[in-house]
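Working notes, structure below.
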Amino acid sequence: MALFAEDKNLAMELVRAAEAAVMASGRWFGLGNKNEVDRAAVEAMRFALHGVDMKGVIVIGEGEKDEAPMLFNGEEVGTGAGSEVDIAVDPIDGTRLMAQGQDGALSVIAAAPRNSMFSPQDLFYLNKIVTGPEAASYIDIQAPVEFNVRIVAKAKGKAIHETTVVMLDRPRNESILRKVRAMGARIRLIGDGDVYGALMTCLTGHETADLLLGIGGSPEAVITACAVKCLDGNMQCTPYFRNDQDEQKANARGITRETVLTLNDLVKSDNVFFAAAGGSDGDLLKGVHYHGEHIETNSLCMRGKTGTIRYISAVHSRKKLAEMGENIEYDPTVNEAN
């Protein structure tokens, strides 16, 4: 049996899991508790995934590196019927953003045929470069930062001072930041969520950056790779070792400082699926909002094989979701007249 039915867009079903995650975690928006944001999102996403007709295995379960609540690696999800798939999730990409009431948090989920996704295992961080279709064939992560900024600017018909580089605002990226600033390129620093940052370079109509550079989480890299494949962009990574122990573990797997992970190394198949829902308002998607008995969500889903991008604005009934057993709080007295 084929891994995927040709006429089935799994991303359409995965959107529901991302929507569930933001609806459940959104009630913790701005309350300062990252773990509660994660917990609520994980529980809701898990519940929704078990309703999808697939034989899914979580291969990227965000949370492992910081001991946060998580959908754990190796966990089986889905009804057990249908396609055999690898699942990569980040129930909230940007939990700190959500907890602190800041913009740009997303719930993201990706799927691909079984055994097609890279497993980072003990390799927790990667140095990344991402760009959209115009410059996809030109970037080279082993080349100097200056080369990549210039080649992307040239491919997109921009001057250096018109070219925007997005990166995580972290001390480990300070060297890259200095080089980009010295060139005079525009810089967009983001506090969290480098899946969000990568989408900014590739997503048609929302390209608010030209190039993503810097060191971020390896689980997010695999999720990002699925999105980048859908968008005809390009992504390359090299290992980032925090210490000798990290390097020794990676070396035992044949991964060295010189290893380059290409887009096809991160996800082998082109028949990939990606879904995201806005947790908090951002450039890409409006966040989850509560309107009495209804909840508003805004999402997108993409399929690599067709290149289709769908934007979905939905209004959900809190009462009916609660009756179905969804992880949504519902108090029928909340809207009663005083």
Side-chain angles (χ1 to χ4, degrees), residues 17-46 60-71 89-109 124-125 128 164-174 176-177 186-201 203 206 208-209 212-221 223-224 227 242 275-291 295-300 316 327-329:
E19 289 174 340
V22 298
M23 286 191 288
S25 63
R27 62 179 178 264
W28 293 96
F29 179 77
L31 298 183
N33 194 325
K34 283 180 58 180
N35 280 343
E36 286 301 325
V37 169
D38 254 346
R39 179 198 58 76
V42 165
E43 291 177 359
M45 180 174 277
R46 176 180 283 120
I60 301 294
E62 171 64 355
E64 189 173 41
K65 69 177 183 290
D66 55 8
E67 299 182 353
M70 68 179 295
L71 281 147
V89 302
D90 193 342
I92 295 294
D93 178 44
T95 52
R96 188 186 65 82
L97 300 177
M98 196 77 157
Q100 297 300 322
Q102 298 175 356
D103 289 352
L106 298 173
S107 176
V108 293
I109 181 167
F124 294 130
Y125 293 93
K128 309 173 188 180
T164 302
V165 178
V166 61
M167 69 182 72
L168 284 171
D169 188 6
R170 298 288 188 274
R172 59 180 178 258
N173 289 327
E174 184 62 32
I176 298 171
L177 180 63
R186 290 159 48 89
I187 295 171
R188 182 158 183 177
L189 292 174
I190 53 176
D192 288 289
D194 60 353
V195 177
Y196 173 88
L199 287 170
M200 289 164 56
T201 72
L203 192 57
H206 297 276
T208 53
L212 178 140
L213 294 172
I215 299 154
S218 56
E220 292 89 345
I223 300 171
T224 298
R242 300 169 299 175
S280 58
D281 290 342
D283 291 343
L284 301 179
L285 291 168
K286 187 178 178 182
V288 61
H289 290 272
Y290 302 89
H291 305 288
I295 306 173
E296 176 191 351
T297 60
N298 290 272
S299 311
L300 66 85
H316 310 262
N327 187 29
I328 301 297
E329 290 183 352

Gap between atom [atom2] of [Y] and atom [atom1] of [X] - 0.5 Å precision:
{"X": "M98", "Y": "N33", "atom1": "CE", "atom2": "CG", "answer": "12.5 Å"}
{"X": "R186", "Y": "T164", "atom1": "CZ", "atom2": "OG1", "answer": "3.5 Å"}
{"X": "D38", "Y": "E43", "atom1": "CG", "atom2": "CD", "answer": "11.0 Å"}
{"X": "T208", "Y": "R188", "atom1": "OG1", "atom2": "CZ", "answer": "4.5 Å"}
{"X": "K34", "Y": "R39", "atom1": "NZ", "atom2": "CZ", "answer": "15.5 Å"}
{"X": "M23", "Y": "S107", "atom1": "CE", "atom2": "OG", "answer": "10.5 Å"}

State, yes or no, whether a side-chain contact exists between [X] and [Y] at a heavy-atom distance under 4.5 Å.
{"X": "E36", "Y": "L31", "value": "no"}
{"X": "P91", "Y": "L71", "value": "yes"}
{"X": "L203", "Y": "L300", "value": "yes"}
{"X": "V22", "Y": "I92", "value": "yes"}
{"X": "T224", "Y": "L212", "value": "no"}

Query - Sole residue of D90, L285, L97 in side chain to side chain contact (heavy atoms under 4.5 Å, CB included) with L106 - result: L285
Requested in this report: List the steps and the verdict of side chain to side chain contact (heavy atoms under 4.5 Å, CB included) for V165 and I176.
Outcome: CA-CA 10 Å; V165 178; I176 298 171; 5.9 Å; no
If you compare all heavy atoms of [X] against all heavy atoms of [Y], which two are closest, and at what distance to 0.1 Å?
{"X": "Y290", "Y": "R27", "answer": "OH-N, 3.2 Å"}
{"X": "G216", "Y": "L168", "answer": "CA-CD1, 4.0 Å"}
{"X": "A20", "Y": "A44", "answer": "O-CB, 3.3 Å"}
{"X": "Q100", "Y": "G32", "answer": "NE2-CA, 4.0 Å"}
{"X": "A40", "Y": "S25", "answer": "CB-CA, 3.8 Å"}

**Report entry** D281-H289 side chain donor-acceptor pair, cut-off 3.5 Å
**Finding:** yes
Report task. Look at the side chain of S299 and the backbone N and O of A277, then say whether any donor-acceptor pair between them is shorter than 3.5 Å. Result -> no
Atom pairs and distances, donor-acceptor, side-chain atoms in residues 190-201, under 3.5 Å, two or more places apart:
from, atom 1, to, atom 2, distance (Å)
D192, OD1, R170, NH2, 2.8
D192, OD2, R96, NE, 2.6
D192, OD2, R96, NH2, 3.0
D194, OD2, K128, NZ, 2.6
Y196, OH, D283, N, 3.2
T201, OG1, A198, O, 2.7

